[in-house]
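Encoded as structure tokens, the structure appears first; notes follow it.
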Amino acid sequence: MKFWVVLCLALLWFELHGGDCQQVKRRKDTGENRIRPGGKRVKLRQPKPKDVGGKGQSLLTQVLDKGRFLRLGQSTTLTPGKNMELRCKGNSIGWSYPAYLDTFNDSRLSIKQSDKYSQLILTSPSAADTGPYSCWVIVCDGTDCEKDHERSYDSYIYFTDKDNLFVPSAIHFEIVYLRPDRSAVLPCRVTDPQAKVSLHREVPAEEILTNETLVTYDPTKGFVFQSPTKDRQGVFYCKAVAKSTPQISIKYQLLYVEVPSGPPFVSLHSSPESLRGGDNLNVTCTVLGEPDVDVSFMWSYPGQDLRPVHIQTSWRLVNRGMGHTTRLTHSVLTVEDMETIDFGAYVCKAKNPNGETVVRINIQ
């Protein structure tokens with residue numbers, strides 16, 4: 001009898017201690033309380049990630065009410081009519097903002113520089129003020145100063161106005177030139193980045209669909225024609241829809257350009273072909289070039305500084321077959337009542353941003 005009692009107790013003891021041995025002890029995860037050798041419990045903390053400020057997020061801020069500041073991201077939406085104050089840290093700061101504010105010398109815009117930051121204030125902003133705003137640090141080496149591109153910060157600011165879904169324009173009809181070697185932009189920018197915008201041709205009436213290769217849309221630029229062709233010519237407009245009634249943009253005349261970029265292509269001729277003393281002389285300098293590229297002229301002639309002459313410059317757009325559009329510019333030098341001193345070499349120098357061309361003709 002005692003034997004069976006001892007055997008049962010032995011089996012019970014083995015079962016209890018054997019089960020404990022088979023249990024797997026749970027490891028304490030990092031962050032749980034642990035006991036140091038000194039007996040004190042400490043709580044391990046995960047290291048905090050370092051704040052990494054991206055471009056445009058560190059120096060450019062908007063001043064809010066009650067001394068609060070907001071870092072501006074790539075785009076910001078503000079309400080028209082409420083004064084805007086931007087700040088950029090640094091003791092020498094440069095600014096960029098929509099160009100028309102400079103064009104019209106707008107008194108609503110002011111910039112002040114203090115020891116630690118620069119301040120840009122725009123009072124009573126409107127939908128027309130929508131556009132890119134940026135600041136940068138200016139670094140100087142003696143008298144030579146330049147923009148620090150590594151510390152340049154920008155934000156595209158929308159002044160959303162339900163009555164003006166498109167950024168207002170000073171003109172009601174704009175010409176856009178299409179060139180085969182570069183993209184073209186139809187600049188119907190919006191004041192609400194959430195607005196749905198579509199592109200339409202007047203004749204034949206149709207909507208131009210966007211895609212990833214031929215036509216794309218960017219609310220900060222407008223519709224972009226990646227590889228323009230002459231079949232894109234015509235009158236176009238944009239339509240925007242937000243929460244209110246759809247709105248129509250100004251109209252855009254798209255013209256295809258034939259002449260490639262480069263120095264002026266110049267020709268020179270005179271009339272009449274035969275001259276004698278007392279006749280009037282016209283020397284015409286003609287440039288065929290890009291429609292939106294201005295050309296300037298300089299003349300030299302035999303009686304220069306001794307005889308009065310009349311110089312008149314004019315230009316017009318012309319179509320040259322297959323729908324190509326070019327700009328024809330004339331500069332006409334007129335000499336009245338020719339004298340012996342007026343016979344000789346007449347030189348015309350035509351210049352544009354891409355270079356200059358000099359031509360001459362001898363009048364005998």
Non-hydrogen side-chain atoms of Ile157 and Leu86 separated by less than 4.5 Å
yes

Step through the shown structure and confirm whether more than 12 heavy atoms of other residues, nucleotides or ligands are within 6.0 Å of CG on Asn211.
yes

Does Ile250 belong to the same Ile/Leu/Val/Met/Phe/Trp/Tyr cluster as Leu186, with side-chain heavy atoms less than 4.5 Å apart forming each link?
yes

Would you kindly say whether Arg189 and Tyr156 are connected by a side-chain donor-acceptor distance under 3.5 Å?
yes

Taken to the nearest 0.5 Å, the spacing of Arg71 CZ from Thr61 OG1 works out to 9.0 Å

Under 3.5 Å, is there a donor-acceptor pair linking the side chains of Glu174 and Gln253?
no

Report yes or no: do Leu254 and Phe166 belong to one cluster of Ile/Leu/Val/Met/Phe/Trp/Tyr joined by side chain heavy-atom distances under 4.5 Å?
yes

Whether the side chain of Asp342 engages the backbone of Glu339 through a donor-acceptor N/O pair (distance < 3.5 Å, no angle test) should be reported.
yes

Apply side-chain contact (heavy atoms from CB on, under 4.5 Å) to Ile93 and Val137, showing your working.
CA-CA 5 Å; Ile93 297 294; Val137 175; 4.0 Å; yes

Rounded at 0.5 Å granularity, tell me how far CG in Leu268 sits from OG1 in Thr357.
12.0 Å

Apply salt bridge (Lys or Arg N to Asp or Glu O under 4.0 Å) to the pair Arg307 and Asp337, showing each step before the final yes or no.
CA-CA 10 Å; Arg307 291 269 288 145; Asp337 192 14; 5.8 Å; no

Considering all heavy atoms, the nearest Asn362-Arg360 contact
OD1-NH2, 4.1 Å

Within a strict 4.5 Å, meaning less than it, do heavy atoms of the Leu122 and Asn83 side chains meet?
no

Is it the case that the side chain of Glu336 and the backbone of Pro308 share a donor-acceptor pair, with hydrogens and angles ignored and the cut-off at 3.5 Å?
no

Does Arg201 make a cation-pi contact with Phe236 (under 6.0 Å, within 45 degrees of the axis)?
no

Side chain proximity check, Val167 to Val190, heavy atoms < 4.5 angstrom
no

Stepwise, does the ring-ring contact (aromatic ring centres under 6.0 Å, His included) test hold for Phe225 with Phe223?
CA-CA 7 Å; Phe225 294 85; Phe223 285 94; 7.8 Å; no

With hydrophobic residues grouped by side-chain heavy-atom distances under 4.5 Å, do Val287 and Val293 end up in a single group?
no

Please give me the minimum heavy-atom distance between Lys349 and Val358, naming the atom from each residue.
CG-CG2, 3.8 Å

Do other residues, nucleotides or ligands put more than 12 heavy atoms under 6.0 Å from the CD atom of Gln113?
yes

Residues Asp129 and Tyr100: side-chain donor-acceptor under 3.5 angstrom:
yes

Are the side chains of Ile361 and Val359 in touch, meaning some heavy atoms are under 4.5 Å apart?
no

Check for a donor-acceptor pair, side chain of Asp218 on one end and backbone N or O of Thr220 on the other, with a separation under 3.5 Å.
yes

Heavy-atom closest pair, residues Asn280 and Leu275
O-CD2, 3.9 Å

Where is the tightest heavy-atom contact between Arg108 and Ser124, given as atom of each residue plus distance?
NH1-O, 3.1 Å

Near Gln226 CD, under 6.0 Å, is it more than 12 heavy atoms from other residues, nucleotides or ligands?
yes

To the nearest 0.5 Å, what is the distance between OG1 on Thr284 and NE2 on His269?
4.0 Å

Just verifying a value: how many Å separate Ile208 CD1 and Arg232 CZ, rounded to the nearest 0.5 Å?
5.0 Å

So does Arg327 pair up with Glu290, basic N to acidic O under 4.0 Å?
no

Side-chain donor-acceptor pair present, His200, Ser198, cut-off under 3.5 Å
yes

Co-membership, hydrophobic cluster, residues Tyr153 and Ile121, 4.5 Å side-chain:
no

Measure across Tyr217 and Cys188 and return the closest heavy-atom pair with its distance rounded to 0.1 Å.
OH-O, 3.6 Å

What's the verdict on side chain to side chain donor-acceptor pair (under 3.5 Å) for Thr76 and Ser155, showing C-alpha distance, side-chain angles and the deciding distance?
CA-CA 7 Å; Thr76 307; Ser155 181; 3.0 Å; yes

Would you mind reporting whether Asp154 and Leu60 have side-chain heavy atoms less than 4.5 Å apart?
no

Quiz question: by atom type and distance under 3.5 Å, do the side chains of Trp136 and Ser96 form a donor-acceptor pair?
no

Quick test of your reading of the model: are Asp294 and Lys351 salt-bridged, counting only N-O distances below 4.0 Å?
no

Quick check: do Ser126 and Phe159 have side-chain heavy atoms less than 4.5 Å from each other?
no

For Gly355 against Pro264, the heavy-atom pair lying closest together:
O-CD, 3.5 Å

Within a 6.0 Å radius of atom NZ on Lys147, are there more than 12 heavy atoms belonging to other residues, nucleotides or ligands?
yes

Applying side-chain contact (heavy atoms from CB on, under 4.5 Å) to Ser75 and Thr77, what does each step give before you reach the verdict?
CA-CA 7 Å; Ser75 65; Thr77 301; over 6 Å; no

State whether a side-chain donor-acceptor pair under 3.5 Å links Thr286 with His330.
yes

side-chain contact (heavy atoms from CB on, under 4.5 Å) assessment of Cys238 paired with Ile248:
CA-CA 6 Å; Cys238 301; Ile248 303 298; over 6 Å; no

For Ser134 and Trp95, does a side-chain donor sit closer than 3.5 Å to a side-chain acceptor?
no

Are Trp299 and Val347 linked, directly or through other ILVMFWY residues, by side chains that come within less than 4.5 angstrom of each other?
no

Test Thr334 against Asn282 for side chain to side chain donor-acceptor pair (under 3.5 Å), laying out the working first.
CA-CA 5 Å; Thr334 302; Asn282 289 322; 2.8 Å; yes

Between CZ of Phe297 and CD of Gln312, what distance do you get to the nearest 0.5 Å?
12.0 Å

Side chain to side chain, Pro132 and Tyr97, heavy atoms closer than 4.5 Å
no

Rounded at 0.5 Å granularity, tell me how far NZ in Lys116 sits from CZ in Arg87.
11.5 Å

Taking side chain as C-beta onward, heavy atoms only, is Leu120 less than 4.5 Å from Leu109?
yes

Take the angle between the ring planes of Tyr301 and Tyr346 and call it parallel below 30°, perpendicular above 60°, tilted in between.
parallel

Hey, mind stepping through Glu146 and Val139 against side-chain contact (heavy atoms from CB on, under 4.5 Å) and telling me if it holds?
CA-CA 6 Å; Glu146 62 181 13; Val139 292; 3.9 Å; yes

